[in-house]
Amino acid sequence: MLEATDISIKAGRFRLRNVSLSVGESGCHAIVGPTGSGKTLLLESIIGLRRPDAGRITIEGIDVSSFPIERRRLAYVPQDLALFPHMTVQDNILYGARARGIRRTANDRIVQELVDSLGIGHLMNRRIDNLSGGERQRIALARALASGCNYLLLDEPLSSLHESLKKELWFLLKDLRRRYSLTIVMVTHDLEEAFFLGDSISVMMEGEIRQAGNKTAIYNRPADLDVAKFLGIRNLFNGEVAEITDNALIVFSKEPAIFLRLPVMNSSSRLMGVLQPGAKVMLGIRSEYVTILQTQAPQEASCCKVEGVIEEFFDMAASFLVAIRPFGCANGSRPVEAEIPAHLFYRLRLKKGHSVKLSFDDQKVFVIPCDSRGTRP
Amino acid sequence: MNLKRASIACAFVTLGIYAGLTGSLFYFFREDVWWETLLSERVLFSLRLSIIAATVSTLLALLVAVPAAFALSRYDFPGKRLVDTILEVPMIVSPAALGAMILIFFNNPLGIRVQEHWVQLVFTVYGVILAQLVTVCGVATRLTKAAMDEIPVRYEAVARSLGASPAKAFFTITLPMSRRGILAASILTWAKALGEFGATITVAGSMAMKTETLPIAIFMRLSTADIEGTVALILILVSIGVAVLYAVRLLSRNKTYA
């Protein structure tokens, strides 16, 4: 288990404040956040490249905060991979073992297995400068794993690859993690990558972890407006708490005109003690949870319905993003966005100017108090 | 005249200054004097002394410059800015002043003690080496630091995360990766030592067949109005300099670390 507790570190004018994270054995924790949020700085302090001003780092219960890099046994793969250009592929892969004084050769069973599983056997005598991006990634992973470390720290290692190769390497990383019981901490700004590879996620912004934990919870219920925006949620509306009952939070929004009864089971449960009737809130829902119904569709009791007109739609290959302006909403206000599968879009024969009915699944609507981050003017 | 043309014209003006000066040497060039000068015992001694002294002073400078450059490139320590500034002193202070500083040091009690008990430096070959060393040590450190600055610290971090000690990371990663830069720095340092005049003549004097380096020999020839002999010696020095610069160009042509 790897734990970083209350890490604070200053780098120029930037400051990392009381950052904590924990990764269980054989787990994968993804740190996501916009550029300049402090993700790499956190990773560098875990590796030992930067000494934190406060906080501690423990690996399997041992405080390694004062250990030099080489004693932490954390294999680091930086964004540019830092393959040693003056060595062959084989020398790169065997570097860690040799540095630790392990007599390991290219014929060693562990190395051979690793090389086979990564498909780089034919590259062993090549130099680094004339390898492709994908080959370099594999060699960087092989080098890290051949060093005998079970902890892998990845700093946006796949960011420079094209989509298909990136996805191929996602599966490879999953496979390697299972096969070698690896514990991984990875930094990425690619949400898809974080959700695919990570068991848990931390969202970092301005040197702080704004939200951490279960990836599904973070995906569906961001803790504050900044996190919601970073996660790409655009359906965010000003609302107000109408009533708080024992088992529900009743909220409404004027634009679009919606009235929701949010059950205790969702984000409203942790807010019920905080919010009072009349409190200003932001209501949000991911565009894929907004359903487009034809206007003559029958009413369902559990859903909130809004009617409007299709203002614009965007083809995203597998799906369509449809912008709908609810009736009664001012022209300057943000439309409601619904992401629907392409086949459904074509089946519904949706066109600009069509009147449609929207359904908001109240299980998926989240509430952010207006005094939380990013909601203040 | 647009910016492009004006800047290119300035580049050719620079070329014209040096090419013109070098070309004008050939007005006084006489082949018989060239061969006679080149093969004379005194000039051969000067050439040998210049090459040996420049090589020794460069090696000594590198012994200090490489670790010092690593420290300046990789670590923060009290006084770092001061050290960094001092490195430029030999570049801004006249070599004659540097030589005078060395002479003054050897007239201090500590300097007198060094000369009496260790080694006689003033007016000896060792003085030539010391004068060159003092002149080039800062340059060697500055150029080596520039070479090491080009190697991202991540490479060492990765090496250490794989289990290498700081020393192992230095010898297996930093040093081999910056070898081209260090080699180029060495060559330029050597060339500067070879052409050193002011400090050398102040510390070691201009004794024929003893402390007379090639630049000092040029000065001595000129002071006796032997223009043809001076031209021959200048051409030898210029040839060595051009060859060295060409070698540096070849080394720095490939910009990868490997």
Side-chain angles (χ1 to χ4, degrees), chain A residues 11 40 43-51 64 67-88 91-102 104 127-130 139-149 151-157 185, chain B residues 62 66-67 69-78 80-81 84 144-187 248 250-258:
Chain A
T40 297
L43 207 63
E44 287 177 351
S45 65
I46 294 172
I47 296 154
L49 199 55
R50 288 172 186 270
R51 185 177 283 268
V64 298
F67 284 18
I69 304 175
E70 59 274 19
R71 281 190 58 205
R72 297 190 182 201
R73 299 189 73 88
L74 303 168
Y76 170 48
V77 182
Q79 190 170 2
D80 65 355
L81 308 174
L83 292 172
F84 307 137
H86 56 295
M87 296 181 191
T88 61
D91 289 338
N92 263 277
I93 292 172
L94 295 176
Y95 184 87
R98 287 172 182 164
R100 292 193 195 282
I102 304 165
R104 198 168 269 178
R127 289 185 72 86
I128 299 301
D129 17 16
N130 50 9
I139 290 153
L141 286 171
R143 182 180 65 178
L145 298 177
S147 71
C149 296
Y151 289 86
L152 206 54
L153 271 63
L154 310 174
D155 186 2
E156 306 208 21
V185 178
Chain B
L62 286 174
V66 172
F70 183 70
L72 289 166
S73 172
R74 294 296 192 263
Y75 303 119
D76 280 322
F77 53 89
K80 178 179 173 176
R81 196 166 291 197
D84 214 13
T144 309
K145 180 182 177 292
M148 286 184 179
D149 283 344
E150 279 196 18
I151 312 300
V153 73
R154 277 188 312 282
Y155 285 92
E156 287 150 40
V158 168
R160 291 187 62 194
S161 85
L162 295 170
S165 64
K168 194 170 182 89
F170 173 73
F171 284 112
T172 58
I173 305 299
T174 319
L175 216 48
M177 281 180 73
S178 53
R179 71 177 192 277
R180 275 177 192 279
I182 294 174
L183 198 56
S186 313
I187 293 171
V248 172
L250 281 181
L251 284 170
S252 52
R253 195 170 52 180
N254 187 346
K255 287 194 173 177
T256 57
Y257 313 117

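Every chain is numbered from 1 and lettered A, B, ... according to where its sequence line falls, protein lines coming before strand lines. Just so you know, these numbers come straight off a predicted model, no measurement behind them.
Comparing A/Ile47, A/Leu74, A/Val77 by how many heavy-atom pairs each has under 4.5 Å with chain B, the most go to A/Leu74. Most heavy-atom pairs under 4.5 Å with chain B, from the set A/Cys149, A/Gly96, A/Ala82: that is A/Ala82. Of the residues considered (A/Leu83, A/Leu81, A/Asp80), A/Asp80 shows the highest number of contacts with chain B, using heavy-atom pairs under 4.5 Å. Counting heavy-atom pairs closer than 4.5 Å to chain B, the top residue among A/Arg143, A/Arg73, A/Arg72 is A/Arg143. Heavy-atom pairs under 4.5 Å with chain A were tallied for B/Ser165, B/Ala164, B/Pro166, B/Ala169; the largest tally goes to B/Ala164.
Salt-bridge check for B/Lys80 with B/Asp84: failed, with every basic side-chain N at 4.0 Å or more from each acidic carboxylate O.
Counted by atom type alone, A/Glu70 and B/Ser161 present zero donor-acceptor pairs between their side chains at under 3.5 Å. Counting only N and O atoms by type, the side chains of A/Ser147 and A/Tyr95 include no donor and acceptor under 3.5 Å apart.
Taking both residues in full, the closest heavy atoms of B/Ile173 and B/Glu156 are given as CG2-N, 4.4 Å, listed atom of the first, atom of the second, then distance.
For A/Asp155 (side chain) and A/Thr40 (main-chain N/O), no donor-acceptor pair under 3.5 Å exists by modelled atom type.
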